[in-house]
2 protein chains.
Amino acid sequence: MPVNSSQPKNKKQQLLDAALALFVNQGIYATSTASIAKKAGVATGTLFHHFPSKDALVLELYKNIKQEFALQIAPFELDVTQLEQQAKVIWQQAIDWALANADQQQFCLLVMQYQPLSANTKAQIFADEFGFLKEIMLFGQQHQLIADYPIELMLESAHGQFLTSSQFFINNTELAQDTKYSEAAFNLFWKSFTN
Amino acid sequence: MPVNSSQPKNKKQQLLDAALALFVNQGIYATSTASIAKKAGVATGTLFHHFPSKDALVLELYKNIKQEFALQIAPFELDVTQLEQQAKVIWQQAIDWALANADQQQFCLLVMQYQPLSANTKAQIFADEFGFLKEIMLFGQQHQLIADYPIELMLESAHGQFLTSSQFFINNTELAQDTKYSEAAFNLFWKSFTN
DNA sequence: GTCTATAGTGCGATAGAC
DNA sequence: GTCTATCGCACTATAGAC
């Protein structure tokens, strides 16, 4: 069976797209299901046909975004002689993704403080998608390239530094092209971990 | 005129205290003005006598906390020969404050993503209370102790690293006493800025 | 699968007595 | 300054026709 021929994609995706735009502009709590449905051009009943609740919609949106992001930045293979270079590539891909998908990035920040989704749920999604980051750090430690700090602390720190820098460039897009800024951002990140 | 003799402090403070506890446990949006008044042991009308709106209460609470925190960590005088040591003292005071005032710290994190308070309002409070951080960084750059990265980026990075580390220790209180962790946290912070 | 219509709930804020 | 009582509104979610 081929896909529907009409140009509006399936209504579920329209709802997710509309929700993302509204969440980022107004916050998650401040966005009503009715307004999501209206922006998507469907009825409220349709929203609740596709998602059992507002929070189920939030969760699915969050999972989709984290999955897509992880796909973008996950590396191929590790090379000890090129670890800093590889880290730089991953960092820059991550920053570029955040800049090209500023709404998605902002939404992830909102979800971090959105309490109806439990901390466990979010931690599980993070562990599922970003296990390779832990591998890289352990690899770097084994080869004396990365300082011997506790790994959980380093993971949190790396995540925090990425959020901070991407947020900075999203709020100052004109500076993202300025190598003085983009190289400083990576150096701030990388130097904190090196021996 | 002496202060009121009855042991409940003034009701305005009771309302602020109750609000903080509820906000941290449930989030700001999820906490109703009625529940704040109930927890404070006063009527809802009393809340709206002291604060024109829920958001005015949120803002006053936020200002009070930021002010108290800045008082705790602001330094005395700068000494170029001891900059790292001074930074370490400030960092540790900040982490200690966050641990001893975990609710206040969590609330600041919630406010960061609370959109009814404008970004301008929050930035203004930050600039008012934490101007001395910028002074320290410029001082360190002038004396070649701190890398010559753009100052706004460094300020954001420092703030982000503090939030990340304090959050980690609040979620893992038993590790805060472990010097392996506390020194790693400072080193992650400090090394990112040094030449 | 999508719609209209609405049930049921809980919110922020106000009025007015004391 | 504090209370009780309540208004008016907007929200999530459901029911039932098509």
Side-chain angles (χ1 to χ4, degrees), chain A residues 1-62 110-111 114-118, chain B residues 1-62 107 110-111 114-118 121:
Chain A
M1 190 83 81
V3 295
N4 193 317
S5 61
S6 61
Q7 80 270 42
K9 309 174 63 174
N10 64 50
K11 307 228 167 185
K12 185 168 181 177
Q13 191 57 48
Q14 287 171 244
L15 281 161
L16 289 168
D17 293 343
L20 176 63
L22 290 169
F23 288 157
V24 170
N25 277 318
Q26 313 174 342
I28 300 177
Y29 280 103
T31 300
S32 68
T33 51
S35 70
I36 296 169
K38 187 176 175 189
K39 175 141 188 164
V42 305
T44 63
T46 305
L47 188 154
F48 286 97
H49 171 73
H50 289 289
F51 307 96
S53 70
K54 177 179 175 178
D55 286 344
L57 187 158
V58 172
L59 180 59
E60 180 155 339
L61 189 54
Y62 185 63
L110 291 176
V111 170
Y114 184 65
Q115 310 206 359
L117 258 52
S118 80
Chain B
M1 191 82 80
V3 293
N4 193 318
S5 60
S6 59
Q7 80 270 41
K9 309 175 63 176
N10 64 49
K11 307 225 166 188
K12 184 169 181 176
Q13 191 57 48
Q14 286 171 245
L15 281 161
L16 289 167
D17 293 343
L20 176 63
L22 290 169
F23 288 157
V24 170
N25 278 318
Q26 313 174 344
I28 300 176
Y29 279 103
T31 300
S32 68
T33 51
S35 70
I36 295 169
K38 188 178 176 186
K39 174 141 188 162
V42 305
T44 63
T46 305
L47 189 154
F48 285 97
H49 171 73
H50 289 288
F51 306 96
S53 71
K54 179 180 174 177
D55 286 343
L57 188 158
V58 171
L59 180 59
E60 181 155 338
L61 188 54
Y62 185 64
F107 173 69
L110 291 177
V111 170
Y114 183 64
Q115 310 206 3
L117 258 53
S118 80
T121 304

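What you see below is based on every heavy atom in this structure, not just the backbone, and it leaves out hydrogens, waters and symmetry mates. These figures come from a predicted structure and were not determined experimentally.
- The phosphate of C/dC3 has OP1 or OP2 within less than 4.0 Å of a side-chain N or O from A/T46.
- Annotation: side chain of A/N25 is not in contact with side chain of A/T31 (no heavy-atom distance under 4.5 Å).
- Rounded to a whole Å, the CD atom of B/Q14 is 13 Å from the C1' atom of D/dG1.
- Going from atom CG of B/D55 over to atom OH of B/Y114 covers 3.5 Å, rounded to the nearest 0.5 Å.
- Under the 4.5 Å side-chain criterion, counting only non-hydrogen atoms from C-beta, A/T44 is not in contact with A/T33.
- The separation between A/H49 atom NE2 and C/dT4 atom C1' is 16 Å, rounded to whole Å.
- Under the 3.5 Å distance criterion, the side-chain polar atoms of B/K11 are left unmatched by any main-chain donor or acceptor of B/H50.
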Contact state string [nucleotides 11-18 of chain C, B base, S sugar-phosphate only, - no protein heavy atom under 4.0 Å]: SSBB----
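- No side-chain heavy atom of B/V42 sits under 4.5 Å from any side-chain heavy atom of B/L47.
- One can place CG of A/L47 at 14 Å from P of C/dT4, the figure rounded to the nearest angstrom.
- For the pair A/L15 CG and C/dG1 P, the interatomic distance rounds to 13 Å; values are reported in whole Å.
- Protein atom NE2 of A/H50 is 7 Å distant from nucleotide atom P of C/dG1, rounded to whole Å.
- Following rounding to the nearest Å, B/N10 (CG) and D/dG1 (C1') show an atom-to-atom distance of 12 Å.
- A pairwise comparison of heavy atoms in A/L110 and A/F23 identifies CD1-O, 3.3 Å as the closest pair.
- Going from atom NZ of A/K11 over to atom C1' of C/dG1 covers 9 Å, rounded to whole Å.
- Rounded to whole Å, the distance from NZ on B/K38 to C1' on D/dT2 is 19 Å.
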